[in-house]
S.K.: 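Here's a structure for you.
These numbers come from a predicted model, not from an experiment. Chain letters run A, B, ... following the sequence lines, proteins first and then strands; every chain starts at 1.
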There are 2 protein chains.
Amino acid sequence: MDQKLADTILNELEELILDGTFENGERLDEVTLAKRFGVSRTPVREALQKLVLAGLVEQQPRRGAFVRQPGPVELIEMFEVMAELEASCARFAASRISDEALDELRAANQRCQAAVEANDADRYYEENEVFHKIIYRQSGNGLLEQEALRLHRRLKPFRRVQLRLRGRMRQSMAEHLEIVEALTRADANAAAEALRAHVAVQGEKFHHLAATFKTSAA
Amino acid sequence: MDQKLADTILNELEELILDGTFENGERLDEVTLAKRFGVSRTPVREALQKLVLAGLVEQQPRRGAFVRQPGPVELIEMFEVMAELEASCARFAASRISDEALDELRAANQRCQAAVEANDADRYYEENEVFHKIIYRQSGNGLLEQEALRLHRRLKPFRRVQLRLRGRMRQSMAEHLEIVEALTRADANAAAEALRAHVAVQGEKFHHLAATFKTSAA
DNA sequence: GTCAAACATTTTGTATACAGGAATGTTGAT
DNA sequence: ATCAACATTCCTGTATACAAAATGTTTGAC
């Protein structure tokens, strides 16, 4: 039924960090967490180790583990890499995508369109995710797919924000259509370029938004 | 001075796996490893967890940890992703590389040339690594650099083999020159394309070599 | 009053002890 | 002889105990 205790702790902790429940530099005390989850320190330590590997937590020897929310620079870097990874997925997918997957892509896109017309940002967000994940999968490269999913997940909280921008959903839709078209033509370069631009715009929009929001220091 | 025990174990284990000291499906018994390294099970477990995250070890719940050498399919996938990552590095580096780094690149290339003329494969291998790592760094994206370094390291044992092929060093050199030229012109697409091809060829050569070597099953 | 040193406290890192599940071997029946 | 059920044993996962290091506090000297 349930997996290892350490894994459940890992998931919960990850959620708590991504949700922003834990502040940025906040210290993650092992015994406190252990008590909070009602387990011993051992599974907590395991979870922390993995979070370090995932980049969510920084560990200083003999000092402890600290939440490590990405700063502006790292966010830009993550969006840049995301754009490159997705471009690569599109490049491969252009020659490898199946007809069924192309249909699924179009279907997802139509659901996106419906969400735009209903002005349903949540719905759009969900279907957009489906759209992108199909392309990851259709890269035909399991490793690339994994890496893309990993970073996608990491960027989730930040990507969501930029949909609030006026007209962003509509623009995003147009970009989707261009991507599908390029994939249909099996034009690897065009597909890669379209997806790269699509994601890069997300990064820029987010950056813009963050700049307007924050008056606090970096 | 010395880091955590668990980290040294991690490094040693990683080395042993990459060196092929441990067979593919080989089981990694915790107590055996603990005795071998003269420590308790705790740091060994930590190291194993991290190796799982790194993809070198597979863990089945309540069953144990097993060495997970990549099969032919995964190797191809890794080389493909490596090519894409390096292409991305080149793309960014084209506009971000410093003049000093360009000089270093040319210098490394000259040392490569010297190694070719001396027919010194080991020397070439080393300088080639320097060459590539400069480009990773000059992508100006720390995350991308890290990812590239990670996969580079993972592919190390497999990349080395293909240098044995007749004329490969000379061909590789020519490709290096093309890369440097594109970077000098700040031509992002050309640089990306050149590096992608350069790495892809490595993958193909390796694949070719593996096919001729192995009569054993996959 | 301030600075420094020693001590106490807290917390990480490691070792060991304990519990439950999986695999293997044995025994009995058909 | 083969198969199945059971018992034993081994190993993983978790808890706890111990050691060392770092931080904070108190006390004493200047």
Side-chain angles (χ1 to χ4, degrees), chain A residues 1-18 20-70 150, chain B residues 1-18 20-70 150:
Chain A
M1 38 170 279
D2 213 2
Q3 41 192 345
K4 283 202 290 187
L5 263 183
D7 287 349
T8 67
I9 306 279
L10 172 64
N11 289 332
E12 296 203 36
L13 265 181
E14 194 176 5
E15 204 59 31
L16 287 175
I17 292 176
L18 290 180
T21 306
F22 288 121
E23 295 286 323
N24 185 3
E26 190 166 346
R27 178 201 173 82
L28 297 174
D29 185 64
E30 295 178 358
V31 297
T32 306
L33 290 174
K35 263 188 273 186
R36 174 169 187 160
F37 290 111
V39 298
S40 80
R41 275 177 57 215
T42 311
V44 172
R45 278 183 65 84
E46 279 193 24
L48 286 178
Q49 308 268 357
K50 293 186 183 179
L51 287 174
V52 169
L53 268 288
L56 292 173
V57 163
E58 194 170 9
Q59 211 171 15
Q60 291 170 15
R62 285 282 177 194
R63 296 271 332 239
F66 302 84
V67 176
R68 181 180 133 76
Q69 296 286 14
R150 212 164 53 109
Chain B
M1 41 171 278
D2 213 5
Q3 41 192 348
K4 283 202 292 188
L5 262 183
D7 288 349
T8 66
I9 307 279
L10 172 64
N11 290 331
E12 295 203 37
L13 265 181
E14 194 176 6
E15 203 59 32
L16 287 174
I17 292 176
L18 290 179
T21 306
F22 288 120
E23 296 286 323
N24 185 1
E26 189 165 346
R27 179 202 174 84
L28 296 175
D29 186 63
E30 294 178 359
V31 297
T32 307
L33 290 174
K35 265 188 272 186
R36 173 167 186 162
F37 289 111
V39 297
S40 80
R41 276 177 57 215
T42 310
V44 171
R45 278 182 66 84
E46 280 193 23
L48 285 179
Q49 309 266 359
K50 294 186 182 179
L51 287 174
V52 170
L53 269 287
L56 292 172
V57 163
E58 193 170 11
Q59 208 170 16
Q60 292 170 14
R62 287 279 179 197
R63 298 266 333 238
F66 302 85
V67 176
R68 181 177 132 76
Q69 296 286 14
R150 211 165 54 108

S.K.: Side chains of A/R41 and A/V31: closer than 4.5 Å at any heavy-atom pair?
M.R.: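 With C-beta onward as the side chain, the pair touches.
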
S.K.: Does the B/Q69 side chain pair with the main chain of B/G20, one donor and one acceptor, at a distance under 3.5 Å?
M.R.: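 Checking the backbone N and O of B/G20 against the side chain of B/Q69, no donor-acceptor pair under 3.5 Å is found.
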
S.K.: Which residues pass the salt bridge (Lys or Arg N to Asp or Glu O under 4.0 Å) test with A/R36, sequence neighbours left out?
M.R.: none

S.K.: Whole Å only: how far is the CD atom of B/Q60 from the C1' atom of C/dA22?
M.R.: 12 Å

S.K.: Of B/D29 and A/R62, whose nearest nucleotide on DNA chain D comes first from the 5' end?
M.R.: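 Upstream on the strand: B/D29.
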
S.K.: I'd like the 5' and 3' limits of the part of DNA chain D contacted by chain A, with heavy-atom contacts below 4.0 Å.
M.R.: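 Both ends considered, the range comes out as D/dG13 to D/dT23.
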
S.K.: Without decimals, in angstroms, what is the distance between B/D7 CG and C/dT12 P?
M.R.: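 Nearest whole value for this atom pair: 16 Å.
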
S.K.: Using heavy atoms and a sub-4.0 Å distance, could you list which residues of residues 36-56 of chain A are near DNA chain C? By number, please.
M.R.: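 Contacts with DNA chain C under 4.0 Å: A/R41, A/R45.
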
S.K.: Taking all non-hydrogen atoms of both residues into account, name the closest pair between A/F37 and A/E12 and its distance.
M.R.: CE2-OE1, 3.4 Å

S.K.: Output one line per pair: protein atom, nucleotide atom from nucleotides 23-25 of chain C, and distance, for all N/O pairs under 3.5 Å.
M.R.:
residue, atom, partner, partner atom, Å
C/dA23, OP1, B/R63, NE, 3.1
C/dA23, OP1, B/R63, NH1, 2.6

S.K.: Out of curiosity, A/D29 CG to A/K35 NZ, how far, rounded to the nearest 0.5 Å?
M.R.: 8.5 Å

S.K.: Could you note down all residue pairs passing salt bridge (charged side-chain N to carboxylate O under 4.0 Å, His left out) where residues 60-69 of chain A supplies at least one of them, sequence neighbours left out?
M.R.: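 As it turns out, the salt bridge (charged side-chain N to carboxylate O under 4.0 Å, His left out) pairs with a partner in residues 60-69 of chain A, which skip direct neighbours, are A/R68-A/E74.
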
S.K.: With rounding to the nearest 0.5 Å, note down the distance linking CD in B/E14 to CD1 in B/I9.
M.R.: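 CD1 of B/I9 is found 13.0 Å from CD of B/E14.
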
S.K.: In the structure I gave you, are the side-chain heavy atoms of A/L28 and A/F22 within less than 4.5 Å of one another anywhere?
M.R.: yes

S.K.: Please list, one pair per line, the donor and acceptor atoms closer than 3.5 Å that link side chains of residues 42-58 of chain B to other protein atoms, with sequence neighbours excluded.
M.R.:
residue, atom, partner, partner atom, Å
B/R45, NH1, B/E30, OE2, 2.9
B/R45, NH2, A/E46, OE2, 3.0
B/E46, OE1, A/Q49, NE2, 3.0
B/E46, OE2, A/R45, NH2, 3.0
B/E46, OE2, A/Q49, NE2, 3.2
B/Q49, OE1, A/K50, NZ, 3.3
B/Q49, NE2, A/E46, OE1, 3.0
B/Q49, NE2, A/E46, OE2, 3.2
B/K50, NZ, A/Q49, OE1, 3.3
B/K50, NZ, B/D7, OD1, 3.4

S.K.: Does CD in B/E26 sit with more than 12 non-hydrogen atoms of other residues, nucleotides or ligands closer than 6.0 Å?
M.R.: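 Yes - once you tally the heavy atoms of other residues, nucleotides and ligands closer than 6.0 Å, there are more than 12.
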
S.K.: Using heavy atoms to find the nearest nucleotide of DNA chain D for A/P61 and B/L28 separately, return the residue whose nucleotide is more 5′.
M.R.: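 Upstream on the strand: B/L28.
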
